[in-house]
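Order of the sequence lines sets the chain letters (A, B, ...), proteins ahead of strands, with each chain counted from 1. Excluded from the calculations below are hydrogen atoms, water molecules and symmetry mates; all remaining heavy atoms, backbone and side chain alike, are included.
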Protein chains: 2
Amino acid sequence: MSTVRSSTTPFICGLDAALRVVSGKWKPLILFFLAKDPKRYGELKRCVRGVSDKMLIQQLKELEVDGIVVRTDYKEIPPRVVYELSPFGFTLADALIPLCEWGTEHTDIIEKALVRRVTA
Amino acid sequence: MSTVRSSTTPFICGLDAALRVVSGKWKPLILFFLAKDPKRYGELKRCVRGVSDKMLIQQLKELEVDGIVVRTDYKEIPPRVVYELSPFGFTLADALIPLCEWGTEHTDIIEKALVRRVTA
DNA sequence: CAGCATCCAAGAAGATACTG
DNA sequence: CAGTATCTTCTTGGATGCTG
């Protein structure tokens with residue numbers, strides 16, 4: 001979410017902590033699509049429309065370091081690398097469901113609000 | 001959550017939509033503290049430690065445009081302005097509770113992960 | 001196919017000073 | 001007290017081209 005607070009400052013609350021993990025332009029979408037099933041790099045890139053290699057890799061690496069995503073390299077040629085959620089990752093995905101539903105439920109209101117933001 | 005996707009691109013899913021509202025360095029914290037009770041500007045600023053006037057006002061304004069926060073100016077001298085969540089704002093705050101709990105539950109893991117991010 | 005490296009643009013955030 | 005305004009810095013993200 002937009003960028004959030006510096007990684008060195010202490011957390012103010014649990015929400016703050018959680019948001020440091022899911023914040024990042026493409027992370028929620030990565031979570032969303034990987035929650036459905038494991039995907040190869042190329043597949044995932046096609047799901048997350050508009051993302052560049054640089055961004056996708058960067059965010060995947062952070063999620064991997066955070067223990068959310070598991071990367072499996074099959075060492076084949078041509079390369080085959082599969083990304084999936086860890087059990088810990090699934091707990092995060094679960095925690096995001098209400099927010100996901102909230103967004104789905106209020107999509108039109110949100111859309112209008114964002115337009116207002118620009119004109120305002 | 002870190003900054004998220006451009007405000008003009010269509011939402012990919014509900015989560016995407018929701019994150020456009022809560023993304024912003026201080027928004028989750030603002031939500032968090034206002035969910036407890038309404039607060040004057042100065043009070044809120046003291047709660048959200050480290051925030052500058054510029055940032056606090058900016059994020060409050062966006063939340064106001066988004067219909068999450070209600071601003072009441074009592075037109076007194078010295079000024080008294082109170083911020084509180086709208087009913088819509090409370091539905092969002094509710095949707096954030098699981099994420100908040102997730103963060104609280106895994107604070108230590110997250111903290112370690114963030115350190116790893118820096119060193120890696 | 002699955003990435004990495006480099007350069008550059010845009011936006012977010014901080015510091016500082018000032019106002020009704 | 002509750003903001004504004006301006007300037008600068010820092011961080012993100014995008015485009016492009018290359019590699020095993």
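- Nearest heavy-atom pair, B/Leu56 versus B/Val51, reported as atom, atom and distance to 0.1 Å: N-CG2, 3.7 Å.
- Taking Ile, Leu, Val, Met, Phe, Trp and Tyr as hydrophobic and joining them when side-chain heavy atoms fall under 4.5 Å apart, one finds A/Val82 in a cluster with A/Tyr74.
- With sequence neighbours left out, the side chain to side chain donor-acceptor pair (under 3.5 Å) criterion links B/Arg46 to no other residue.
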Throw together a table of side-chain donor-acceptor distances under 3.5 angstrom for residues 89-98 of chain A, partners on residues two or more places apart or in other chains.
| unit_1 | atom_1 | unit_2 | atom_2 | d |
| --- | --- | --- | --- | --- |
| A/Thr91 | OG1 | A/Phe88 | O | 2.5 |
| A/Thr91 | OG1 | B/Trp102 | NE1 | 2.9 |

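- The ring-ring contact (aromatic ring centres under 6.0 Å, His included) contacts involving residues 27-64 of chain A comprise nothing, where partners must be two or more places apart or lie in separate chains.
- Residue B/Arg40 places none of its side-chain N or O atoms closer than 4.0 Å to OP1 or OP2 of D/dG3.
- The salt bridge (charged side-chain N to carboxylate O under 4.0 Å, His left out) pairs that include a residue from residues 53-63 of chain B are A/Arg117-B/Glu62, B/Lys27-B/Glu62, B/Lys45-B/Asp53, where partners are two or more places apart or lie in different chains.
- Taking atom CH2 of residue B/Trp26 and atom C1' of nucleotide C/dA13, one finds them 9 Å apart after rounding to whole Å.
- Taken from SG in A/Cys47 to CH2 in A/Trp26, the straight-line distance is 13.0 Å, to the nearest 0.5 Å.
- Remark: A/Tyr83 is in phosphate contact with C/dG3, judged by side-chain N or O atoms under 4.0 Å from OP1 or OP2.
- Residues in residues 79-89 of chain A take part in these side chain to side chain donor-acceptor pair (under 3.5 Å) pairs, two or more places apart or across chains: A/Glu76-A/Arg80.
- Comparing D/dA2, C/dC1, D/dG14 by their nearest atom to the side chain of A/Lys25 picks out D/dG14.
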With 3.5 Å as the limit, what N/O pairs link the protein to nucleotides 18-20 of chain C?
none

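- Atom C1' of nucleotide D/dT11 and atom CZ of B/Arg117 are separated by 14 Å, given to the nearest angstrom.
- Residue A/Arg71 has a polar side-chain atom (N or O) positioned under 4.0 Å from OP1 or OP2 of C/dG3.
- Here the C1' atom of nucleotide C/dA2 and the CZ atom of A/Arg46 are 12 Å apart, to the nearest Å.
- The end-to-end axis angle of the helix from C/dC1-D/dG20 to C/dG20-D/dC1, rounded to 10 degrees and based on five pairs per end, is 50°.
- Within 4.0 Å (heavy atoms only), B/Tyr74 reaches no atom of the nucleic acid at all.
- Counting side-chain heavy-atom gaps under 4.5 Å among Ile, Leu, Val, Met, Phe, Trp and Tyr, A/Val70 is found in no cluster with other residues.
- When rounded to the nearest whole Å, the span between CD of B/Glu76 and C1' of D/dG3 equals 16 Å.
- Annotation: side chain of B/Leu114 is not in contact with side chain of A/Val65 (no heavy-atom distance under 4.5 Å).
- Among residue pairs with one or both ends in residues 105-115 of chain A, none qualify as side chain to side chain donor-acceptor pair (under 3.5 Å); sequence neighbours excluded.
- Atom CG in B/Leu19 sits roughly 16 Å away from atom P in D/dT12 (whole-Å rounding).
- Taken residue by residue, residues 51-61 of chain B places heavy atoms nearer than 4.0 Å to DNA chain C at B/Lys54, B/Met55, B/Gln59.
- Distance, A/Arg80 CZ to D/dG20 C1': 18 Å, rounded to whole Å.
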